[in-house]
*Asks:* 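Provided herewith is a single structure, encoded as structure tokens, for subsequent inquiry.
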Amino acid sequence: MSVQKTCLICSNGEEVEKVVLFNDNSKEKFNSSLKIRQKNSFKYCDILVPEVFNSHDGYHIKCYRKFTALPSILLNQLPNASTSSSPVCEINNRSNQSTKLIEGNASIFKSVCIFCEKTRKKHNRKAQILHVCEIKNFELSIKHYMNEMNDVSIQTKLSNIDFVAKEVKYHNICRVAYQNKYNQFYDSKKKNEDHLNFQKSPWHINRNFHNIADGLFVDSSITSQHLEDKLKRTFENKVKFEVLNNKKIILHIDVPLSNVSFSDLKNNSELLNENLPENVSTEDLIKGECSLPDKLINFITHLVGGPNIRRRNSDETRLKVESLASDLVYAVTNGRVKPSKQITLGITLKSLTSSRKVIDILNRYNQYTSYNVIEELETELTYSSINQLGLCPPGVLLSPKLPTGVTFDNFDRFVETSNGKDTLHDTVGILYQNEPEENTYGTIFQQLPLPSIQNTSDIITDINNINIEKKIKKKEERLRL
């Protein structure tokens, strides 16, 4: 009668799973795992193991896997771990020896990259080929790079190695990355050397005054006298303070006061404001209350256009620059100076939308003037147009030799109201005229003198006289009948 095989781990026989007998390797691994479990009081630490394994002592494969599933750190702590021939120890030994570059008796490098120490590597989902060094120039370049950068990690591996003889291997992407690392190191080193060897001129030395002075304005509670004392201490024997037109200015120690003009300082620091005239016209509104400073335009142009000359000179950039410059002037002056954009854009949007809410919202974002200012400007334009001496708009040639047509019609807005409040009833006229040919300008102005109309009141008087004459003629005809 044959003896039934038993699993030493779960104490069950082959009715559960086939029992495998121990061999030398499995015995050694089993004993090592048991020692670790007993030392750390892990599960299965109370298993009774015979001193000599019999022919019926074995293990189930699943039980054996669970029993030997231990951290590699604990396995390495055993005194015989370095000489163990178990599968787990063999795997750990191979992983620890992967960084050893010499392989076997052939004395050649292992099939790993000298930079990343990996055999397989992917870049952008593509596997990188492991190249073998076949030329001497590669060895000279890499050794030059590592010596210049003082790269200890590469020097310890490759300092006294013949790349071609030892068949050094590398990934091309790793080689490029190492070369780029050296290029960055070389550029920074060269920049530092140039900075140290650069001979600073007096202009460069004095230029640092601005950087130091900026640091003095951080404290907002500093007084003018305190600031003056601090500047004197910082720039001792380099700057001086002078009084010009009851105002104190700071100058370089070598610049005489006679070379400074107060008008020049005022022109450079203040914005030239041109208030709108009393009889405002359309041209005045388009021009605005100020002309944008050239220095501001130049600064914003380089800020928006950058180094690209074609972009800086384009019409699109010019429009953006003028818009930004207008916003800056309007914001800095807190609305006291109104450039052309803030006036014309507001009037245009009011005419298109007729919405006060839209204008108030965009006015808060510094895009144009307020609704009340726009209405005041429209009222001034109305008065100015009424006070004009002529009826015809500018650009119309008063000549009987040019066909001219005039059309008038009612212009009613906001009429859909219950009480008729806030409605607009107006009359709009359109005048159109043929353009004269260039060679007929001389004959056009040789025209008959036209009656001059000085004011709109003259027109009303003439119309009333015509109506009175018609009524008198009708009465005379009735009397005759």
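All heavy atoms count here, side chains included; hydrogens, waters and symmetry mates do not.
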*Asks:* Are any side-chain N or O atoms of S351 and backbone N or O atoms of I347, one a donor and one an acceptor, separated by less than 3.5 Å?
*Replies:* no

*Asks:* Give the C-alpha distance, both sets of side-chain angles, the deciding distance and a yes or no for side chain to side chain contact (heavy atoms under 4.5 Å, CB included) between T379 and L381.
*Replies:* CA-CA 5 Å; T379 304; L381 278 176; over 6 Å; no

*Asks:* Return the CD to CG distance between Q367 and L362, rounded to the nearest 0.5 Å.
*Replies:* 6.5 Å

*Asks:* Has D284 got a side-chain atom pairing as donor or acceptor with V280's backbone, closer than 3.5 angstrom?
*Replies:* no

*Asks:* So, H171 side chain and C116 main chain: donor-acceptor pair closer than 3.5 Å or not?
*Replies:* no

*Asks:* Tell me whether K287 at atom NZ has more than 12 heavy atoms from other residues, nucleotides or ligands lying less than 6.0 Å away.
*Replies:* no

*Asks:* Salt bridge check, K240 against D254: does any charged N sit closer than 4.0 Å to a carboxylate O?
*Replies:* no

*Asks:* Step by step, work out the side chain to side chain contact (heavy atoms under 4.5 Å, CB included) result for L377 and L285.
*Replies:* CA-CA 9 Å; L377 294 175; L285 295 182; 4.1 Å; yes

*Asks:* For the residue pair F138 and F115, categorise the inter-ring angle as parallel (less than 30°), tilted (30 to 60°) or perpendicular (more than 60°).
*Replies:* perpendicular

*Asks:* Could you walk me through whether L324 and V304 pass the side chain to side chain contact (heavy atoms under 4.5 Å, CB included) test, one step at a time?
*Replies:* CA-CA 10 Å; L324 293 173; V304 174; 4.0 Å; yes

*Asks:* What are the two closest non-hydrogen atoms of L349 and T353, and how far apart are they?
*Replies:* O-OG1, 2.7 Å

*Asks:* Between K350 and E378, is the salt bridge (Lys or Arg N to Asp or Glu O under 4.0 Å) condition met? List the steps.
*Replies:* CA-CA 10 Å; K350 179 178 180 295; E378 288 181 342; 3.1 Å; yes

*Asks:* Flag yes if more than 12 heavy atoms outside Y186 fall under 6.0 Å of its OH atom; otherwise flag no.
*Replies:* no

*Asks:* Determine yes or no for a side-chain-to-main-chain donor-acceptor pair under 3.5 angstrom, with S188 supplying the side chain and F185 the backbone.
*Replies:* yes

*Asks:* Look at the side chain of K169 and the backbone N and O of E167, then say whether any donor-acceptor pair between them is shorter than 3.5 Å.
*Replies:* yes

*Asks:* Give me each pair satisfying salt bridge (charged side-chain N to carboxylate O under 4.0 Å, His left out) with a member in residues 307-319, each pair once, sequence neighbours excluded.
*Replies:* E316-K320, R318-E322

*Asks:* Under 3.5 Å, side chain of S323 to main-chain N/O of L319, donor-acceptor pair present?
*Replies:* no

*Asks:* If you measure from CG on N150 to CD on Q155, what distance do you get to the nearest 0.5 Å?
*Replies:* 5.5 Å

*Asks:* Is there a side-chain contact between I135 and V164 (heavy atoms, below 4.5 Å)?
*Replies:* no

*Asks:* Is the backbone N or O of N313 less than 3.5 Å from a side-chain atom of T317, with the two atoms forming a donor-acceptor pair by type?
*Replies:* no

*Asks:* How long is the span from the CD atom in E139 to the CG atom in L158, to the nearest 0.5 Å?
*Replies:* 9.0 Å

*Asks:* Shortest non-hydrogen contact from K338 to I343?
*Replies:* O-CD1, 3.8 Å

*Asks:* Do K181 and M149 come within less than 4.5 Å of each other through their side chains, counting heavy atoms only?
*Replies:* yes

*Asks:* At their closest point, which heavy atom of V406 faces which heavy atom of L431, and how far apart are they?
*Replies:* CG2-CD1, 3.8 Å

*Asks:* Considering all heavy atoms of both residues, which atom of Y368 and which atom of V358 are nearest to each other, and what is their separation?
*Replies:* OH-O, 3.7 Å

*Asks:* Step by step, work out the salt bridge (Lys or Arg N to Asp or Glu O under 4.0 Å) result for E228 and R233.
*Replies:* CA-CA 9 Å; E228 181 179 348; R233 291 194 304 268; over 6 Å; no

*Asks:* Closer than 3.5 angstrom, by distance alone: can the side chain of K157 be matched with the main-chain N or O of I114 as a donor-acceptor pair?
*Replies:* yes

*Asks:* Determine, step by step, whether D327 and Q342 satisfy the side-chain hydrogen bond (donor to acceptor under 3.5 Å, both in side chains) criterion, reporting the C-alpha distance in whole Å, the side-chain angles of both residues, the deciding distance to 0.1 Å, and the verdict.
*Replies:* CA-CA 8 Å; D327 293 340; Q342 273 64 27; 2.9 Å; yes

*Asks:* Tabulate below the donor-acceptor pairs under 3.5 Å that side-chain atoms of residues 121-131 make, not counting sequence neighbours, or state none.
*Replies:*
residue, atom, partner, partner atom, Å
Q128, NE2, K126, O, 3.4

*Asks:* Give a yes or no on whether the backbone of L402 and the side-chain of T404 come within a donor-acceptor separation of less than 3.5 Å.
*Replies:* yes

*Asks:* Do E376 and N372 pair up side chain to side chain, a donor and an acceptor below 3.5 Å, judged on atom types alone?
*Replies:* no

*Asks:* Checking the side chain of T156 only, and the main-chain atoms of S153 only, is there a donor and an acceptor separated by less than 3.5 Å?
*Replies:* yes

*Asks:* Can you measure from CD1 (I142) to CE (M146) and round to the nearest 0.5 angstrom?
*Replies:* 9.0 Å

*Asks:* Where is the tightest heavy-atom contact between I359 and S370, given as atom of each residue plus distance?
*Replies:* CG2-C, 4.4 Å

*Asks:* Nearest 0.5 Å, please: how far is CZ in F163 from CD in E134?
*Replies:* 14.5 Å

*Asks:* Of the options Y145, Y178, Y182, which is the one that meets D151 in a side chain to side chain donor-acceptor pair (under 3.5 Å)?
*Replies:* Y178

*Asks:* Can you list the steps and then say if L296 with L328 is a side chain to side chain contact (heavy atoms under 4.5 Å, CB included)?
*Replies:* CA-CA 9 Å; L296 180 61; L328 285 174; 3.9 Å; yes

*Asks:* Would you give the length of the straight line joining atom OH of Y365 to atom CG of D360, rounded to the nearest 0.5 angstrom?
*Replies:* 13.0 Å

*Asks:* Compare every heavy atom of N363 with every heavy atom of Y330, then report the nearest pair and how far apart it is.
*Replies:* OH-OD1, 4.0 Å

